[in-house]
Chemist: 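Submitted below is the structure of interest, expressed as structure tokens.
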Amino acid sequence: MGDTGSGAARATSGVWSRDFALFFAARAVARLGDTMLPVALAAGLLEHGYGAGAVGLAMAATAAAFAGLVVFGGVIADRFSTRKLMIGADLVRLGTQSLAAALFFADHVVLWEICAIGFANGVAGAVFQPGVASTVPRLATDIQGANGAIRIAESAAQLAGPALAGLLVGFASPGGVFAAHAATYAISALCLMLIRLPAPAPGEGPQRRGARAFRADLVEGWREFRARTWLWGVIAVWCLYMIAVWGPSVPLVAAEVVQHHGPRAYGLVNSALGAGTVVGGLLALRLRPRRMLRAGGITLFGFAAFPAAVGAGLGVPAMAAGAAVAGAAMSFWGVMWATTVQTQVPAEVLNRIHAYDVAGSLAMMPVGQALAGPAASALGTSHVLLVSAAMSLVVAAALLAVPAIRGLVRADAAPRGGLPAGQPATTDHG
């Protein structure tokens, strides 16, 4: 796995500074709020007479806006100050979630209004997300350690968020959860305001070139994306992963576990999944593989344990163990992938590349979710989950079968100021 001897020491020395701590807090608090939102939407809409379809529609409004516009958000982030855009996006969501809280407190809940608020949140998220990729390398010299720390914080927030939302719904109301969610965006915006970003290197600053250059920026981002076999290769394989593994696994695991073991068992399995993601983040802080994508691809074989355990009808302890292994695998891969993108791609196009990455990664998830129901009706839920487990092995093998992916050498030791980190590797065409 490469050099691991001094990994923890470098993670400590190269990550933690006043400004990274503020960014870390902003991401952790915002993630906490985001994991509270599904509970608030479900409880609030069901309480006002809407069904599960309405909850899905409200969530889909946010997802559709985000997935459809994040590529344009990447172009905007490469043309203007990413920090100001991120603060602005947080302030927009502070306003929209405060409005949602007011509507629920006033018992004036109309589905189209909630969907419109969700759509606005998705637009704001599409503007916010691309800037995350370029901010991490500017705040930490140890980019892998920074990504590992953020992943641990987000995983812990994912564990705590739904439980906290449930308490707020029980002791206050769904409106209270929306108010708390709005407060998380206020805290995130405040943390981002207090960050002192270092001055960008030549060529990395905001590019204000007028509206006519917008399309050219999109084209340039796509050209840079296509020029890296390891990059588009991973996204292509990930589309298969979303269709055949993640898309069907999420709803079918929930249905299978709740139906046969009850909601408490599903909560336990979800908690094990979250705990596994924390472990994966800790491993990513410690291990420093020379070929990060190869190491991440190897760990992805572990994801099969989750759908396989549920599909095989094993007991709750076995399913929880499978979920923990899957969470660790996904978390470790996530840190390896994020670090690779942030260190192998030139800073002046990083926001656009990250936007293409996010859009490509999410594009096929709704397809997999839509196919889950018909596939389960035709084959049976357990059989579909076993197929998903097998396909997760295929996906990991496919990643390792591409020479440009498995052979890519880490490049984050190089400084970001002059030539882009890993410049020789970024022009690889396989």
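Please read all numbers here as calculations on a predicted model, not as lab measurements. Quick note: residue numbers are just sequence positions, from 1.
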Chemist: Only one of V245, L385, V269 passes side-chain contact (heavy atoms from CB on, under 4.5 Å) with F306; say which it is.
Modeler: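 Between F306 and the candidates, side-chain contact (heavy atoms from CB on, under 4.5 Å) is satisfied uniquely by V269.
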Chemist: Between CD1 of I187 and CG of L192, what distance do you get to the nearest 0.5 Å?
Modeler: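 Going from CD1 on I187 over to CG on L192, the span is 12.0 Å.
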Chemist: If we only count heavy atoms from C-beta on, is the V136 to N147 side-chain gap below 4.5 Å?
Modeler: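 Touching, per the 4.5 Å side-chain cut-off.
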Chemist: Could you tell me whether the side chain of Q144 and the main chain of V335 form a donor-acceptor pair under 3.5 Å?
Modeler: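 Not at all, since once roles are kept as given, no pair shorter than 3.5 Å links the two residues.
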Chemist: So, do M86 and V127 sit near enough that their side-chain heavy atoms are less than 4.5 Å apart?
Modeler: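 SC-SC contact between M86 and V127 ruled out.
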Chemist: Tell me the closest heavy-atom pair linking P137 and Q342, and the distance in Å.
Modeler: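 In this case the closest contact between P137 and Q342 is CG-CB, 3.9 Å.
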Chemist: Check I114 against A58 and note the closest heavy-atom contact, atom names and distance.
Modeler: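 Residues I114 and A58, closest heavy atoms: CG2-CB, 4.2 Å.
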Chemist: Considering all heavy atoms of both residues, which atom of V70 and which atom of P130 are nearest to each other, and what is their separation?
Modeler: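 Residues V70 and P130, closest heavy atoms: O-CG, 3.9 Å.
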Chemist: Using side-chain heavy atoms (C-beta onward) and a distance below 4.5 Å, is F178 in contact with L37?
Modeler: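 Yes, close enough: below the 4.5 Å cut-off.
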Chemist: Y241 vs F303 aromatic rings, parallel, tilted or perpendicular, using cut-offs 30° and 60°?
Modeler: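 The rings of Y241 and F303 stand perpendicular, inter-plane angle above 60°.
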Chemist: How many angstroms lie between atom OG1 of T96 and atom CG of L91, to the nearest 0.5 angstrom?
Modeler: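 Going from the OG1 atom of T96 to the CG atom of L91 covers 10.5 Å.
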Chemist: Given the rule in the ring pair (Phe, Tyr, Trp, His ring centres under 6.0 Å) test, do W238 and W333 qualify, once you have shown the distances and angles that lead to the verdict?
Modeler: CA-CA 12 Å; W238 214 247; W333 162 261; 5.6 Å; yes
Chemist: Indicate yes or no for a side-chain donor-acceptor contact from Q344 to the backbone of V409 under 3.5 Å, with no hydrogens or angles considered.
Modeler: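 At least one qualifying donor-acceptor pair exists.
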Chemist: Within the 4.5 Å heavy-atom criterion, are L22 and R18 side-chain neighbours or not?
Modeler: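 The answer is yes, as the side chains (C-beta and beyond) meet within the 4.5 Å cut-off.
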Chemist: Check whether R228 reaches the backbone of E224 with its side chain - one donor and one acceptor, N or O, closer than 3.5 Å.
Modeler: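 Yes.
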Chemist: Give a yes or no answer on whether the side chain of R406 reaches the backbone of L399 with a donor-acceptor pair at less than 3.5 Å.
Modeler: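 Judged by distance alone, no pair lies under 3.5 Å.
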Chemist: Under 4.5 Å between any side-chain heavy atoms of Q129 and V132, yes or no?
Modeler: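 The answer is yes, as the side chains (C-beta and beyond) meet within the 4.5 Å cut-off.
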Chemist: Taking all atoms of both residues into account, what is the closest heavy-atom pair of G302 and V325, and its distance?
Modeler: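 Of all heavy-atom pairs spanning G302 and V325, the closest is O-CG1, 3.4 Å.
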Chemist: Answer with yes or no whether the side chains of N121 and T62 bring together a donor and an acceptor at under 3.5 Å.
Modeler: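 Judged by distance alone, the side chains do not pair up.
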Chemist: Enter the distance from D142:CG to F20:CZ here, rounded to the nearest 0.5 Å.
Modeler: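 So the gap between those two atoms works out to 9.0 Å.
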Chemist: To the nearest 0.5 Å, what is the distance between CG (L69) and CZ (F119)?
Modeler: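 L69 atom CG to F119 atom CZ measures 6.0 Å (nearest 0.5 Å).
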Chemist: Applying side-chain contact (heavy atoms from CB on, under 4.5 Å) to T35 and E154, what does each step give before you reach the verdict?
Modeler: CA-CA 10 Å; T35 58; E154 291 179 343; over 6 Å; no
Chemist: Counting N and O atoms only, with roles assigned by atom type, does the side chain of T343 sit under 3.5 Å from a partner on the main chain of T339, one being a donor and the other an acceptor?
Modeler: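 Checking the backbone N and O of T339 against the side chain of T343, a donor-acceptor pair under 3.5 Å is found.
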Chemist: To check you understand the geometry: which heavy-atom pair defines the closest contact between L168 and G176, and what is its length?
Modeler: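 So the two residues come closest at CD1-O, 4.4 Å.
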Chemist: Return yes if some donor-acceptor pair links the side-chain N/O of T381 with the main-chain N/O of A376 below 3.5 Å, else return no.
Modeler: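 Pair absent, no side-chain N/O of T381 close to backbone of A376.
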Chemist: Please round to the nearest 0.5 Å and tell me the distance separating atom CG of L240 and atom CD1 of I235.
Modeler: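 Here the interatomic distance stands at 13.0 Å.
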Chemist: Quick one, L164 with M36, criterion side-chain contact (heavy atoms from CB on, under 4.5 Å). Give me CA distance, side-chain angles, the key distance, then yes/no.
Modeler: CA-CA 7 Å; L164 178 58; M36 294 165 61; 4.0 Å; yes
Chemist: Are any side-chain N or O atoms of W232 and backbone N or O atoms of R226, one a donor and one an acceptor, separated by less than 3.5 Å?
Modeler: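 Such a contact is found between W232 side chain and R226 backbone.
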Chemist: Check the angle between the aromatic planes of W337 and W230 and answer parallel, tilted or perpendicular using the 30° and 60° thresholds.
Modeler: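 The arrangement is perpendicular - the two ring planes meet at more than 60°.
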Chemist: Do S188 and V29 have side chains that approach each other closer than 4.5 Å (heavy atoms only, starting at C-beta)?
Modeler: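 Side chain of S188 against side chain of V29, heavy atoms only: no contact under 4.5 Å found.
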Chemist: Is there a side-chain contact between E47 and F104 in this structure, where contact means two heavy atoms from C-beta onward sitting under 4.5 Å apart?
Modeler: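 Not in contact.
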Chemist: Keeping T277 on the side-chain end and G274 on the backbone end, is there a donor-acceptor pair under 3.5 Å?
Modeler: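 Pair found, side chain donor or acceptor close to backbone of G274.
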Chemist: Is S388 reaching over with its side chain to a backbone N or O of A244, donor-acceptor style, under 3.5 angstrom?
Modeler: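 Between the backbone of A244 and the side chain of S388 there is a qualifying donor-acceptor contact (under 3.5 Å).
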Chemist: Using 4.0 Å as the upper bound for N to carboxylate O, is an ion pair formed by R93 and D34?
Modeler: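 Salt bridge: no.
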Chemist: Going by heavy atoms in the side chains, are L300 and S392 under 4.5 Å from each other?
Modeler: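 SC-SC contact between L300 and S392 ruled out.
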Chemist: Do you know which two heavy atoms are closest between A396 and G297, and how far apart they sit?
Modeler: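 That would be CB-O, 3.6 Å.
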Chemist: Say you draw a straight line from OG1 of T340 to CZ of R291; how long is it, rounded to the nearest 0.5 Å?
Modeler: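 Atom-to-atom, T340:OG1 and R291:CZ are 12.5 Å apart.
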